[in-house]
Amino acid sequence: MPTAGSDELLILYRRIKRLWASLAERSGLTMHQLMTLRLLRDSQSVSMSELTEALGITRGAVTGLIDRLEEAGLVRRRTSPEDRRLTFLELTPAGLSTMEATRAGWNAETQAWLERLPKEKRARALAALGDLIAVAETERTP
């Protein structure tokens with residue numbers, strides 16, 4: 001039996017996932033490609049191993065994903081000067097531009113959602129989301 005709020009969180013998660021899928025499609029990317037670009041934007045540089053773990057896909061799948069992003073001119077590989085076995089990934093200027101456009105689309109859509117709420121409810125919803133995020137960040141995942 002679902003607990004209070006779990007169905008609502010699942011509905012919100014699905015709606016957010018649909019928005020990300022739409023933004024990816026508009027950019028000519030897959031969801032994993034867009035998630036990779038976002039991770040690189042947020043982290044500046046990520047190793048192939050870190051990306052494999054973050055996306056929850058195999059090393060081979062990550063290699064193919066990066067091959068396609070590199071071919072599109074959105075990411076570049078950089079070998080670690082300390083350990084040539086390590087490969088780091090970073091956004092190119094085109095990759096950063098793609099992420100900026102995606103971010104603008106995300107901001108416009110989510111702002112439209114929020115603006116549909118009365119001002120008082122919007123403030124309470126944002127405060128509650130902040131609290132929920134803080135709690136979720138302290139939880140260990142199974």
**Q.** Qualifying salt bridge (Lys or Arg N to Asp or Glu O under 4.0 Å) pairs with a residue from residues 18-30, counting only residues at least two apart or across chains
**A.** none
Q. Ile16, Leu23: one ILVMFWY side-chain cluster at the under-4.5 Å cut-off?
A. yes
Q. Given the rule that I, L, V, M, F, W and Y join up when any side-chain heavy atoms are under 4.5 Å apart, are Leu10 and Leu132 in one cluster?
A. no
(Q) Applying side chain to side chain contact (heavy atoms under 4.5 Å, CB included) to Phe88 and Arg77, what does each step give before you reach the verdict? (A) CA-CA 6 Å; Phe88 290 93; Arg77 288 178 169 100; over 6 Å; no
Q: Drop me the distance from Leu19's CG to Trp113's CH2, to the nearest 0.5 angstrom.
A: 5.0 Å
(Q) Can you list everything that forms a salt bridge (Lys or Arg N to Asp or Glu O under 4.0 Å) with Glu50? Sequence neighbours excluded, please. (A) none
(Q) Quick check: is Leu40 connected to Leu86 through a chain of hydrophobic side chains (ILVMFWY, heavy atoms under 4.5 Å apart)? (A) no
Q.
Is there a side chain to side chain contact (heavy atoms under 4.5 Å, CB included) between Leu126 and Leu114? Walk through the geometry before answering.
A. CA-CA 9 Å; Leu126 290 172; Leu114 290 169; 4.0 Å; yes
Q: Heavy atoms only: give me the nearest Thr52-Val62 pair and the separation to one decimal.
A: OG1-CG2, 3.5 Å
Q | Stepwise side chain to side chain contact (heavy atoms under 4.5 Å, CB included) test for Leu29 and Thr98 | A | CA-CA 10 Å; Leu29 302 170; Thr98 298; 4.0 Å; yes
Q: State, to 0.1 Å, how close Val46 and Leu51 come at their nearest heavy-atom pair, and which atoms those are.
A: CG1-N, 3.7 Å
Q. So, does Thr138 use its side chain to make a donor-acceptor pair with the main chain of Val135 at under 3.5 Å?
A. yes
Q) Under 3.5 Å, side chain of Thr92 to main-chain N/O of Gly95, donor-acceptor pair present? A) yes
Q. Can you tell me if Ser97 uses its side chain to pair, donor with acceptor, with the backbone of Pro93 under 3.5 Å?
A. no
Q: Write out all pairs satisfying salt bridge (Lys or Arg N to Asp or Glu O under 4.0 Å) with one or both partners inside residues 34-45, taking only residues at least two apart or from two chains.
A: Arg38-Asp42
Q.
side chain to side chain contact (heavy atoms under 4.5 Å, CB included), that's the test. Do Thr36 and Leu74 meet it? Break it down for me.
A. CA-CA 10 Å; Thr36 298; Leu74 301 174; over 6 Å; no
Q: Might you point out which heavy atoms bring Gly73 and Ala94 nearest each other, and give the distance in Å?
A: O-CB, 3.5 Å
Q: If a pair satisfies side-chain hydrogen bond (donor to acceptor under 3.5 Å, both in side chains) and one of its residues is in residues 115-127, list it, with sequence neighbours excluded.
A: Gln111-Glu115
Q: Looking only at non-hydrogen atoms, find the nearest pair between Ser27 and Thr102 and report the distance.
A: OG-OG1, 3.4 Å
Q: Establish whether Leu129 and Trp20 are linked, either directly or via other cluster members, by ILVMFWY side-chain heavy-atom contacts under 4.5 Å.
A: no
Q) Which pairs with one or both residues in residues 53-63 pass side-chain hydrogen bond (donor to acceptor under 3.5 Å, both in side chains), sequence neighbours excluded? A) none
Q) What distance do Thr30 atom OG1 and Leu65 atom CG have between them, rounded to the nearest 0.5 Å? A) 6.0 Å
Q | Spacing of Gln33 atom CD and Ile66 atom CD1 [to the nearest 0.5 Å] | A | 8.5 Å
Q: Output every pair passing salt bridge (Lys or Arg N to Asp or Glu O under 4.0 Å) with a member in residues 84-111, not counting sequence neighbours, ordered by first then second residue.
A: Arg15-Glu109, Arg76-Glu90, Arg78-Glu90, Asp83-Arg85
Q.
Nearest 0.5 angstrom please: Leu55 CG to Met31 CE, how far?
A. 10.5 Å
Q. Counting distance only, does the side-chain N/O of Thr79 pair as donor-acceptor with the main-chain N or O of Thr87 below 3.5 Å?
A. no
